[in-house]
*Asks:* 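First the structure, which I've put down as structure tokens, then a few questions once you've had a look.
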Amino acid sequence: MRHIFTTIIAIATLFTAMATSPQRSTRPIYLDPDADIEERVEDALARMTLKEKIAIIHAQSKFSSPGVPRLGIAEIWCTDGPHGIRPEVLWDEWDQARWTNDSCTAYPALTCLAATWNRDIAELYGVSIGEEARFRDKDVLLGPGVNIYRTPLCGRNFEYMGEDPYLASEMVVPYIVGVQRQGVAACVKHYALNNEELHRHSVDVDLSDRALYEIYLPAFKAAVERGKAWSIMGSYNLYRGTYACHNDRLLNKILKQEWGFDGVVISDWGGTHSTDEAITGGLDLEFGSWTDGLREGASNAYDMYYMALPYLEKIECGEVGTEELDEKVRRVLRLTFRTAMNLDKPYGAMCSEAHTEAARRIGEEGIVLLHNKNNNLPIAADAKRILVVGENAIKMMTVGGGSSSLKVQHECSPLEGIDNYYANKADIIYARGYVGDVTGSYNGVETGQNLQDKRSPKQLIDEAVELAKSVDHVVFIGGLNKSEKQDCEGADRTQLALPYNQNSVIEALADATNNLTVVLISGNAVEMPWLNKVESVVQAWYLGSEAGNAIARILAGEVNPSGKLPFTFGAKLKDYPAHADGATFPNPKKVYYHDDIFVGYRGFEKRGTKPLFAFGHGLSYTKFEYSDLRLSSNEIYHDAEHGNDTLTVTLTVTNSGDRAGKEVVQLYIADSKSSLPRPKKELKGFEKVELQAGESKEVSFVIDRTALSFYDDRVAEWVAESGEFKVLVGASSADIRLKESFELK
Ligand code: BGC
């Protein structure tokens, strides 16, 4: 009886305890979404067998790693990146899987995003593409890319953010933040020094530490330190004799130790070359071994990966320990809990109206009006007949170019966009002008376009010229495309000139009309021998799903152009520092970057070479005046103990034209005297401001010593030397409107 009584009391106490104290989870810590992520990592790690640890650090298919099925630890699924979500591919092949629910929105290429110079737009981009990745159940988005635009021949420049480390840093951070807010990791690529394509698997890059730290690394550093990127992709090339995917200096010393990266280093697909180096060289997750990244690939080789059985065998025979392995596993688990097993993540969205609108807005803000004689653009409101000429007016540009190729739900070509816009306002006539690349397929995705045209170049030109004589405005739409040796992964361009006889078409049209607009669709600069003969030039990039609508709205003046160049357009190839003084390109084996820190405008300005269009250049349909530059002080101190260690720069920008517009106010710093050579000036701030006609706004920038520093490789430190500096504010690197000096003390 007593015994029963005691039991009743015990049960009652238990119920009371359950009702009053917080419910204790019976789940293991690693599955508890409320537990601290580091505790989850350690708990999971402690439960895993050696074989499970080995399994989790390499691929099980083209784009996934296996997780730990026994413990319910999820797989990690990756997707390209960086302009839209790649169609599903077969388990073991590059070919698309022919799903019918995997068409995406194509966003403008990253060169266009960089050309917006708008951090909010970069975040919008990240959120939009991140939502699509999330909806498609992807954990890692393979992008964005921030390799520096060193040469206009690099086939992959269109996937990157231009030549300036500050601009790329500012634009990459919000993109990452936007993506990762969806519970999807950004995988920033290609770390590092992947600045040419043709020999990307064999080129061995060397350069000064100064160039490394000042030019090639800052965007990656910002991605890690400020963007908090959860993963990063090692590049194919070598750096100082060791492949970047297992390069101790790049990955362990700089990325993980100096910058405190706690995410996963993922190899580029086929970028791993040695088990020993992979173990100690900082690689965490191996993908795509025995592929060339594009076409070739051994089937089902996963157990043979450098970080699969060969690693296991080395551990089992005692040749290596498990310390490095545990560290790699920790990072992969951390990534898994941040993404695949993150219960707080939103659900995402696919091909929504908001995404279409985002794609169009990004495009509209990135399009750059390069040249506009006699206010030839916007197209006159009373234009009744408009002739559109050129293959790029009709060619789908979302298929091709390498791993960024997409399968889109819709793509509005420039001609369609112009047709839609002018539906009841003007007659739109089309002439082909030239025949370039008529193919249109990538890994099983077909554009379905038949672009064949058997007419001779002369017949095509004659037709266009004849039509040009009877219209109010001629729009030539050409440039490059995504086929090999143009803007395409795995090969580089062979010339700066436009391909396919386009120069002759433009010259002939220029002779026939005084209202010629040239629209260039490309991710790279091109030569423009006809520049003085045409009225307008518009740089329109690869704009994705909404290309045509964005272009039409700019040409018609519905949207006022506000993009600025993220890289220099040189007049000739040898004007680019990377091609000057007999430098070879492309480089199958060793290359030393003799241009050093003088990349892009830094090099053009040092050599006094006038570019065709300078870094930061971009016109508007209105005019902006700059006035009233003020510094909060003429002195700035190294440390706050002696005086202010920051300086505020304020100026006024006025829209003095008769329509609303946006201006990118650019702030450059010049060091008057220094112990090492420095560029004539460097971008250290920018703000995009929207102004109604007649409106003025104040724009302010805060400068601190980071904006004044250079990397002194004699002491391996960032140094700001006392003395005079200048603040230069303007509308481009070549159009400085206001100047002031101050002293660093
Ligand atoms: C490219 C990467 C891409 C990967 C997966 C590689 O060839 O260099 O940028 O993410 O393939 O498609």
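Every number for a ligand or one of its atoms is a count from 1 in the order of the listing. Computed from a predicted structure; not experimentally measured.
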*Asks:* For F287, state whether at least one heavy atom is located under 4.0 Å from any atom of ligand 1.
*Replies:*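 Flag not set, F287 not near ligand 1.
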*Asks:* Among all protein heavy atoms in this structure, tell me which lies nearest to atom 8 (O) of ligand 1, with the distance rounded to 0.1 Å.
*Replies:* D268 OD2, 2.6 Å
*Asks:* Quick check on K62 - does any of its heavy atoms sit under 4.0 Å from an atom of ligand 1?
*Replies:* no
*Asks:* Going by the order shown, which atoms of ligand 1 are within less than 4.0 Å of some heavy atom of S403?
*Replies:* 1 (C), 2 (C), 3 (C), 9 (O), 12 (O)
*Asks:* For ligand 1, which atoms have a heavy atom of K189 less than 4.0 angstrom away?
*Replies:*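 Those qualifying, in numeric order: 2 (C), 3 (C), 9 (O), 10 (O).
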*Asks:* Going through the checks in order, is the salt bridge (Lys or Arg N to Asp or Glu O under 4.0 Å) test met by D248 and K253?
*Replies:* CA-CA 6 Å; D248 180 59; K253 305 276 175 349; 2.3 Å; yes
*Asks:* Is there a salt bridge (Lys or Arg N to Asp or Glu O under 4.0 Å) between E196 and R156? Walk through the geometry before answering.
*Replies:* CA-CA 8 Å; E196 49 183 271; R156 255 185 129 169; over 6 Å; no
*Asks:* For a quick check under 3.5 Å, do T105 and E132 share a side-chain donor-acceptor pair by atom type?
*Replies:*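 A pair is found: one side chain offers a donor N or O, the other an acceptor, under 3.5 Å apart.
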*Asks:* Name the closest protein heavy atom to atom 3 (C) of ligand 1, giving the residue it belongs to and the distance to 0.1 Å.
*Replies:*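 So the nearest neighbour among protein heavy atoms is D80 OD1, 3.3 Å.
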*Asks:* Return yes or no for this condition: an N or O of D292 is under 3.5 Å from an N or O of ligand 1.
*Replies:*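 In fact, backbone or side chain, D292 has no N or O that close.
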*Asks:* Answer with yes or no whether the side chains of E286 and S289 bring together a donor and an acceptor at under 3.5 Å.
*Replies:* yes
*Asks:* Report, in ascending order of atom number, the atoms of ligand 1 lying under 4.0 Å from any heavy atom of F63.
*Replies:* 5 (C), 12 (O)
*Asks:* Decide whether an N or O pair under 3.5 Å exists between M233 and ligand 1.
*Replies:* no
*Asks:* Establish, for the pair R249 and Y239, whether the NZ or CZ atom is under 6.0 angstrom from the six-membered ring centre and no further than 45 degrees off its axis.
*Replies:*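 Ring-cation test returns no.
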*Asks:* Between K407 (side chain only) and V445 (backbone N and O only), is there a donor and an acceptor less than 3.5 Å apart?
*Replies:*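 Pair absent, no side-chain N/O of K407 close to backbone of V445.
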*Asks:* Would K62 pass as a cation-pi partner of W269, given that its NZ or CZ must be under 6.0 Å from the six-membered ring centre and within 45 degrees of the axis?
*Replies:* no
*Asks:* Identify which one of K256, R338, R331 satisfies the salt bridge (charged side-chain N to carboxylate O under 4.0 Å, His left out) criterion when paired with D262.
*Replies:*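 For D262, the salt bridge (charged side-chain N to carboxylate O under 4.0 Å, His left out) test succeeds with only one of K256, R338, R331, which is R338.
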*Asks:* In ligand 1, which numbered atoms sit nearer than 4.0 Å to a non-hydrogen atom of L142?
*Replies:*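 Near L142, meaning under 4.0 Å from one of its heavy atoms, ligand 1 has 10 (O).
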*Asks:* Please state which part of R200 comes within less than 4.0 Å of ligand 1, counting heavy atoms only: side chain, backbone, both or neither.
*Replies:* side chain
*Asks:* Which ligand 1 atoms are under 4.0 Å away from a heavy-atom of R86?
*Replies:* 12 (O)
*Asks:* Aromatic contact between W77 and F287, with the criterion being ring centroids under 6.0 Å apart: yes or no?
*Replies:* no
*Asks:* Taking a cutoff of less than 4.0 Å between a non-hydrogen atom of the residue and any ligand atom, is E159 in contact with ligand 1?
*Replies:* no
*Asks:* Checking a contact table here: which protein heavy atom is nearest atom 7 (O) of ligand 1, and how many Å away?
*Replies:* Y236 OH, 2.8 Å
*Asks:* Atoms of ligand 1 less than 4.0 Å from E489 heavy atoms?
*Replies:*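 Listed by number with element, the hits are 1 (C), 6 (C), 7 (O), 8 (O).
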*Asks:* For this output row, return yes or no: ring centroids of Y302 and H58 closer than 6.0 angstrom.
*Replies:* no
*Asks:* State if R156 counts as touching ligand 1 under the rule of any non-hydrogen atom under 4.0 Å.
*Replies:*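 Right, R156 reaches ligand 1.
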